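Order of the sequence lines sets the chain letters (A, B, ...), proteins ahead of strands, with each chain counted from 1. In this text, all values refer to a predicted model and were calculated from it rather than measured experimentally.
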Amino acid sequence: MFKNNMTPNSLPERVFQVGIYLGKNAASLSDIRKYFTLEEGKSDAVSDTLTAARELDLLTESGNNYALNVSPEVFKSMDSFRLYCNSKVFSNPNDLFYRVTQEMLNLYETKEGRSYTGVSFTSGKFESYLRDRVLSMNNISQNMRGWRFWASFLGLGVITKPNKDAFVFMPNMYVNLKDAIFNSNIPSGTYTIREFLNYIEPFCDVAFPASGNMQFNLAMSNGLRCLNDLNDAKVTSENDAKETWLVNEIKTHKIQSSVSHIQIK
Amino acid sequence: MNIDIAKLRINQVIQADTNANSEADFLATHIPFEGIKIKTGGSAVDEFTQIAEEQLFERYIKAPGDTHQLIVIYGSSGSGKSHLIRWFASKFASFDHENETVLYIRRNDNSLKGTIRQLLELDEIKDIPNRDLYKKLSEAGQNIGTEELKNKIYFTFLSKIRSDEDTSILSRIEKTKLLALLSNQEFQDRFFHSSDFNGPIDRIYRKIVPTEHTKGSNDTPALFIAKDFELDNDFILRMQEQSPDGKAISLAEKLNTYDNENSEKPEQIARYLNQFVDSVIQEIAGLQPGDFEEIFCMVREELYRKNKNLTLLIEDITAFTGVNAALLNVLADVHTGTAVSSGHQMCRISSIIGTTTQYYNEFRENYIQRISQEIYIEDDLITKNQDSLVRFVARYLNAISLSEGDLNQWLKAGADSQQLPVHTINQGADWDYVQISNGSMLPLYPFTQKAITNLFNSLNEDKRTPRYVLSDIVRLALNNIISDPRRYPSFTINPTAIVGLNSSEQSFIMDQIEDPNEQKRLIRFLCVWGDGTINDYTDESNQRYLSGIKYSVFEEIGFTNIKGIANGTPISVPKAKKTQEVKRPENAPASQPDKDKKNSQYDDASTMINRWALGEGRFEDSRNTYKKSLEDYIYSSIDWQVQGVSLDNAQKAKTYGLIEIEKSTRNTTGLYRIEANNENAAVFDAFAKWSIIGKESWDYDNSSSDLFVITRWLYKHQDELIKLVKTYNGTAPVTYVDYTLSYYVYSLLFRGNELKTSDTGLLLESVIRAQPNMCNTQGIHCNEWDDFRYSFSIDKEAYEVLYSYFNLMIDETSKKLFICRSFADPHINKLLKCGFILSGNENDCISNRQLYIEKTRAIYPNIHRVVDAEERFAKGIISVILTELDLSDISLLDNSLIADLKTYTSDFIKSVNDADLQSCVNCIDAELLKEVYDNRDKVCSSAQQINRAFQAEDDFKKIIRYSGNPLFYLSKLSVLLKQIRNGVEQFKVEFESKKSENTIDDSSLLADTKEEALRKIESTKTALKSFVEEVSK
């Protein structure tokens, strides 16, 4: 799912269910199939789900036997599961999921990208947009159908379906940033944006601006504003700050166009 | 403003009768009329030419010489006719006109009585020689109580109709019906107690006697109008209930405008009654048509003797209602010094009379040949452009802040407009100003130029006249700011004026203030007083502005520390402020800035949304576009399954409605109430842009702010939305799937489908994976069971609900199965515990969910009854087996017993056959015997099933046993045993018969046969014991 073939079969909630099941006991493939599909025959849904779980280091496979590789606490709730996934999913920039996510998070940064915001990202037209940007990605439409579930689950933004078969991505990394703050164990206190980014880099560098560029994309801008507005953190732009980072301008927002500090509660 | 003076002066300067103020106030507030339309009386409309007031006065009013003239000035109510006539009077007062007597009759309290009183106070009238007439006039209409006078008016009309012989308008029969209608109590109530205080009787009454309601502005003609007689179904129904007078009802039905849309009857009746108005008023007031003619004749004779001429200025001819026809006759009487037909010698008369257009149309045709000039005052003569409107207001504001003394001094000095004093500013120095023709800058506090224009445009079209500008804008705002400047503006403003800010700007401002009323006040001020932006900038002189208004103004009205958005290039600064044209409905294209259709469409939407958010208007969503957009967004954006909500449930909730919009024009249902607030408005505004400007994309300027607004909204509200879908009112979890599962399980069981209940996985398999037997016809059950089974089907939709509810699907159409076990198992366990009988009393507002709750509840009361019947039926079958086989318990039935039964029954048949006693053998079905024998294992296991059913402690467990169809083989055994019994009975009869006929010749054979049969039968252990005994006898 994350390495090189993003399939809609491996829904996050299916992986979560497999985790709960294996948290009780290790099981064979046929047990897992029987448990979730009520029959023992081959099932893409099960095998793709197990692949995603394996790629997230959630389980070990020994022969035909599967066992949990993490504490069952990971599956205590959907939030704990998401926190775990967000700690793992962007660990390799070569993964297809990483590369596609990076492009999608920057979709709104160019005029050309914005012109695709009324086009379904699973459509043929969008395929041509991505083909030039994500190398060696085949079966783009199908891959994007798989990407959407995890992008939404991991809190990279909102994916809407304004009409039949049209998927539109609206970047806002609020949930993802919240998880990154948690996963980074950043202590309470006020940090410069650079310090903050250093903390969360292992978990969401996929959304960071290129080195030397101090302008956040829309996903990060929206995420930082949401952290502030929904009282998860206080994001400010201090006049005398040594370094300020640009966010997407919204004149009517308290954070109009730049940020310098973040106070973690 | 000078607040101390203004407090005292508001009601002096702005009076209900706009012309009732002092001469000094009048002149200080006067705006020269330009573009007055004038044409020779009776000429065509297109012959109007334009003239300024000064020219008009000089050319036609000031000195007409010996030329007799009747000039009519007409226009809408409040357009300024009276003001112009008063200005003529003022002009006469400003110069010596020794040979011209000027009689100025003001509208004053607008009643005949008030007008007569005014007339009697004129010096020229006081001295009339006919004292009887004077007395008569002074007593006209006095000393009669209100109700009595109204009744008198009403019944005088009835009397007029009764005595009317003319049938040119209404026939005799129609008049009879009209009398019946007017005598109907319901109809009388309508005439007397009109809710808007403007019924026909009131209109006439107010023209006779002055009332508080009529002071100042009553130029409504005392006439009947068609609307007075337009009735509707409800009214006619009430009439019928109260007094079923056939004649009244017959006419009322013709006046039913709902059924007779184009009926001319109401207009015809109004026209008929109007011919009596004058005579009724005269009768009530005790006047004769000739009384006024006589007065003016005497005045004119007297003036003639004094070698003077008469100029008569009458503000409003309707003030003479009742005698106006007579008055017009006098005024139209052409005469210049010589004797008229009556023999009197009278002076020249120049009459200038004001009238509303409506009333002018009533008499114009009769006098057109005698009217010298027709002058038309257009509605917007003063208000048609921003400059004149603002100056008009500024003059009043100035006069209000000047003392009477100061203005009288100015008047005494000649009231030169170039020398008009400007008040000392004690309040509002930083507010807006306007320059008037003499170069003075008049303060506009508490307005800005934009505020005056915007407030004017927000008036109803029929109120966009100087009169309403003064009463509904100037006086209102002044009183408001005087009472509490730090709460200004707190008066109601038509929402149409509140335009300019988009939702995010509105939100930005509102976030800075906690009190919702204060938020609205500030938004109002920015949109109506300001330039409709929140631009916050400082000009080159270091003066800070917000929304084009000096920042200190905001502090004056109680808004401190308000921030706008910094903008290097202000849209407008006061010095170079663009003037906003006042709205002219008939000429809208000229005053509207050019906008492309898309932007205009969005602006309309945005304005509607923002007004709704401010509580100033309804949410106009007649096509459900906004509701659908937001619901589609919510539904497609939330990861329902991740959040523990099945797609089936989410879909059902969406079909019902995820949201309900507060104050929507469209009545819809929804789980989550979208309140009229700015946060929600910003979301709708974003969708409006996405749809209209972006054409369903986010590719438009500043779309990123909209993306932020709607994604933040979702993150903030999704937990609440999810809770409402998952639970009933946010508390108990929804249960429709439990009911659906219960229903479906019972529908399976009553059709003989196997249900494994030992664990949840097996049960799920039985429900989801197994191909159900849709119509089991082989079951052996009681009639009640069969009837009940047919009363409810195996519901395919119920199956679909279960399939999708417990499944983790890629989308709604996905068919791949991946059961969400942590979700499904608790539901199954819950139902197993309660025997699949749920006892809640839920009432689900979502009909698609409630449907299964109700369907399931409908089958519950029958289940126990059917189980009882099935048990009785089973016991009947079992009792035969127990009796025939002499068993104490059905569980004792075993394979060997059935094997023995088969062996000995076969032997018996063979022996009996050998004895040629075949008839008894025919009673036993050999095939059945074989079937029972061949299936003896099933017979025995069925016996065990039945035994467990008898012992089961609840209906569900019993049903599971009976559902396995155990009676199928047990009933066969039962039948077989009955056949054997019948066979033995038959054998006995046949044996006795043959014996008596001696057809059995070999007694040994018989004996042998008998013995053999007995021996073999007796040798069966227990099964045929009774049979043996029977035969042995």
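Closest of all the heavy-atom pairs between B:Ser703 and A:Arg114 is OG-CD, 4.5 Å. The shortest non-hydrogen separation linking B:Ser704 to A:Asn248 is OG-OD1, 2.8 Å. Residues B:Ser637 and A:Ser152 share a closest heavy-atom pair of O-OG, 4.2 Å.
Under the 30°/60° scheme for interplanar angles, the aromatic rings of B:Tyr715 and A:Tyr174 are found to be tilted.
The contact between A:Ile159 and chain B is made entirely by backbone atoms, counting heavy-atom distances below 4.5 Å. For B:Ile509, no part sits under 4.5 Å from any heavy atom of chain A, backbone or side chain. With a 4.5 Å cut-off on non-hydrogen atoms, B:Asp825 touches chain A through its side chain but not through its backbone. Proximity to chain B (any heavy atom under 4.5 Å) is shown, for A:Ser221, by neither the backbone nor the side chain. Proximity to chain B (any heavy atom under 4.5 Å) is restricted, for A:Val168, to the side chain, taken from C-beta onward. Proximity to chain A (any heavy atom under 4.5 Å) is restricted, for B:Ile710, to the side chain, taken from C-beta onward.
Interatomic distance, A:Lys254 NZ to B:Asp511 CG, rounded to the nearest 0.5 Å: 5.5 Å. Atom CD1 of B:Ile819 is separated from atom OH of A:Tyr35 by 10.5 Å, given to the nearest 0.5 angstrom. One finds the OG1 atom of A:Thr252 at 6.5 Å from the CD1 atom of B:Ile565 (value rounded to the nearest 0.5 Å). Put simply, CD on A:Glu39 and CD1 on B:Ile768 are 12.0 Å apart, with the number rounded to the nearest 0.5 Å. Going from atom CG of B:Leu764 over to atom OG1 of A:Thr37 covers 11.5 Å, rounded to the nearest 0.5 Å. The CZ atom of A:Phe149 sits 6.0 Å away from the CD1 atom of B:Ile810 when rounded to the nearest 0.5 Å.
Residues of residues 225-235 of chain A lying within less than 4.5 angstrom of chain B, judged on heavy atoms, are A:Arg225, A:Cys226, A:Asp229, A:Leu230 in numerical order. Contact annotation for residues 11-24 of chain A against chain B (heavy-atom separation below 4.5 Å, listed by residue number): A:Leu11, A:Glu13, A:Arg14, A:Gln17, A:Val18, A:Ile20.
Your options are A:Pro171, A:Gly113, A:Ser115, A:Ser43, and the one with the most heavy-atom pairs under 4.5 Å with chain B is A:Ser115.
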